[in-house]
Amino acid sequence: MLGGTAAHAEPSVADVEKQIDEAWHDLEPTIEKHNSTRQELDKKKKQAEALSVKIAPLRTQVDAVMGRVGAIAAEEYKTGPASELGSILMTGSPTTLTNQLEILDHFARVQSRDIAEVVALKDQLEAEKAPLDALVIDLTKQEAELAAKTKEINTKVDDLQKLRIQVYGNGGGGALAPAPCPYEYPGGKRSTVVKFACAQIGKPYVWAAAGPDAFDCSGLMLAAWNKVGISYPHNAAAQRGMMKSVSRADLQAGDFVFYHSDLSHVGMYVGNGWVVHAPNPAEPVRMMKIDAMQIHSFGSPL
């Protein structure tokens, strides 16, 4: 048996990229579910608050009516029906007595009906609000769980990103990819686009080609954005005319960087001052620093 400990091989760029892809694949559905849950929670909270506003005056109305009933009952308890009847009998003729009894009976029925209507409406609104309150509690719990899951996966992706930068810094990416590509994962459509562009590194430059085996500069851009259903013409100047301008400070991965006064070249920004482009027939698709050529302007498809 040989002595010593076997050397632990440093992961390759491909190994780390694969781990990040897997982590990102886990994260994106969680993020989307989190966004959906948060929106639903906001909506249900507003509905519950609106019902609370409707219920509040009804509760006040019921309390007021019940207070009046309570006062009548207390007075009835103190004086008793016989005493009340005695005072009515002292007021005058039998006709007057009959009228007053009818008025009292009518008042009692109206009060009873009013109370019943208010209580019924209040109960109806509270019945509508109860499941909303339960849903708000459930959604709040879901939101907290998703936020924790998102944080956990984000931490994993951050750790992998540090390892990725270290591997590239050790020369793992080679001359064509001297930095992580993309430098970071932007998410959504942009993530699909930049990952596609980066995957083409090393493929040859062929004039008027837009893949899958070779590209020219504008062909690489249109092929990448076609992956998410956004179409552009096969010409850098025409592409520039179809998108909004952005400042350098607002550049995001996937945005276009146009070069030269005649708009004869274009590359894709992939983060941290790096661009992926198809340079010329002498060089394959590769990365370069953003200022390696004279910049004309910046454009964003989104």
Side-chain angles (χ1 to χ4, degrees), residues 13-14 17-18 20-21 24-25 28 32 173-302:
V13 167
E17 296 288 10
K18 184 172 183 292
I20 291 178
D21 282 344
W24 189 257
H25 180 73
E28 280 200 302
E32 289 306 304
L176 301 180
C181 187
Y183 197 83
E184 56 189 27
Y185 286 73
K189 291 181 178 180
R190 290 180 179 275
S191 187
T192 300
V193 168
V194 294
K195 284 167 67 179
F196 173 84
C198 290
Q200 311 316 307
I201 290 175
K203 291 186 178 180
Y205 177 102
V206 172
W207 178 79
D213 300 319
F215 300 87
D216 66 6
C217 68
S218 57
L220 179 60
M221 301 300 103
L222 75 87
W225 278 98
N226 270 340
K227 288 292 179 182
V228 293
I230 297 178
S231 299
Y232 284 104
H234 199 152
N235 174 272
Q239 289 173 355
R240 181 68 192 89
M242 290 180 64
M243 64 184 67
K244 65 182 180 182
S245 295
V246 291
S247 68
R248 182 166 182 157
D250 291 331
L251 271 180
Q252 298 182 59
D255 285 344
F256 289 44
V257 182
F258 296 94
Y259 292 94
H260 309 309
S261 59
D262 60 356
L263 287 168
S264 58
H265 192 70
V266 62
M268 180 179 292
Y269 186 67
V270 293
N272 199 41
W274 288 97
V275 168
V276 169
H277 71 137
N280 55 62
E283 294 183 84
V285 176
R286 62 175 301 156
M287 295 176 73
M288 71 173 180
K289 292 299 288 183
I290 193 171
D291 291 310
M293 299 180 186
Q294 179 191 10
I295 296 173
H296 177 278
S297 57
F298 308 103
S300 177
L302 298 177

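Because the structure is predicted, anything quoted here is derived from the model rather than measured. The figures that follow rest on heavy atoms only: side chains count, while hydrogens, waters and symmetry mates do not.
Scanning all heavy atoms of the two residues, the minimum distance from F196 to A224 falls at CD2-CA, 3.4 Å. Contact detail for C198 and V276: the closest heavy-atom pair is SG-CG2, 4.1 Å. Listed here is the closest heavy atom pair of A278 and V285: CB-CG2, 4.0 Å. Minimum interatomic distance between A236 and F258 (heavy atoms only, all atoms of both residues): O-CE2, 3.3 Å. The shortest non-hydrogen separation linking G202 to P284 is O-CB, 3.6 Å. Contact detail for S261 and H296: the closest heavy-atom pair is O-CD2, 3.9 Å.
In this structure, W274 and C181 have side chains that are not in contact, with every pair of non-hydrogen atoms separated by 4.5 Å or more. You'll find the side chain of K203 reaches within 4.5 Å of the side chain of F215, heavy atoms only. The side-chain heavy atoms of L220 and W225, taken from C-beta on, include no pair separated by under 4.5 Å. Between Y232 and M242 there is a side-chain heavy-atom pair separated by less than 4.5 Å. Between S300 and K244, the closest side-chain pair of non-hydrogen atoms falls below 4.5 Å.
Scanning for salt bridge (Lys or Arg N to Asp or Glu O under 4.0 Å) contacts around D291 gives R248, with sequence neighbours left out. Remark: F298 pairs with no residue by the ring pair (Phe, Tyr, Trp, His ring centres under 6.0 Å) rule, at least two apart or across chains.
Interatomic distance, CD1 of I201 versus CE of M287, reported as 5.5 Å (0.5 Å rounding). How far NE2 of H260 is from CD1 of I295: 10.5 Å, rounded to the nearest 0.5 Å. Atom CZ of R240 sits about 13.0 Å away from atom CG of N235, to the nearest 0.5 Å. Atom-to-atom distance recorded for F256:CZ and S297:OG is 11.5 Å, nearest 0.5 angstrom.
Using a distance-only test at 3.5 Å, with no hydrogens or angles considered, no donor-acceptor pair links the side chain of Q239 to the main chain of H234. Without hydrogens or angle criteria, Q252 side chain to P186 main chain gives no donor-acceptor distance under 3.5 Å. In this structure a side-chain-to-backbone donor-acceptor pair under 3.5 Å is missing from D216 to V206. Without hydrogens or angle criteria, W207 side chain to P281 main chain gives no donor-acceptor distance under 3.5 Å. Listed for the K195 side chain is no donor-acceptor partner under 3.5 Å among the backbone atoms of R190. With hydrogens and angles ignored, the 3.5 Å screen pairs a side-chain donor or acceptor of Y269 with a backbone N or O of G273. Between the side chain of N226 and the main chain of L222, a donor-acceptor pair closer than 3.5 Å is present.
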I'd like to know whether Q294 forms a side-chain contact (heavy atoms from CB on, under 4.5 Å) with Y259, so could you lay out the CA-CA distance, the side-chain angles of the two residues, the decisive distance to 0.1 Å, and finally the verdict. CA-CA 6 Å; Q294 179 191 10; Y259 292 94; 5.7 Å; no
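A 6.0 Å sphere centred on NZ of K227 holds no more than 12 heavy atoms belonging to other residues, nucleotides or ligands.
Among D255, V257, V270, the one residue that satisfies the side chain to side chain contact (heavy atoms under 4.5 Å, CB included) test with V275 is V257.
Note: H277 and H265 meet the aromatic proximity criterion, with ring centroids under 6.0 Å apart.
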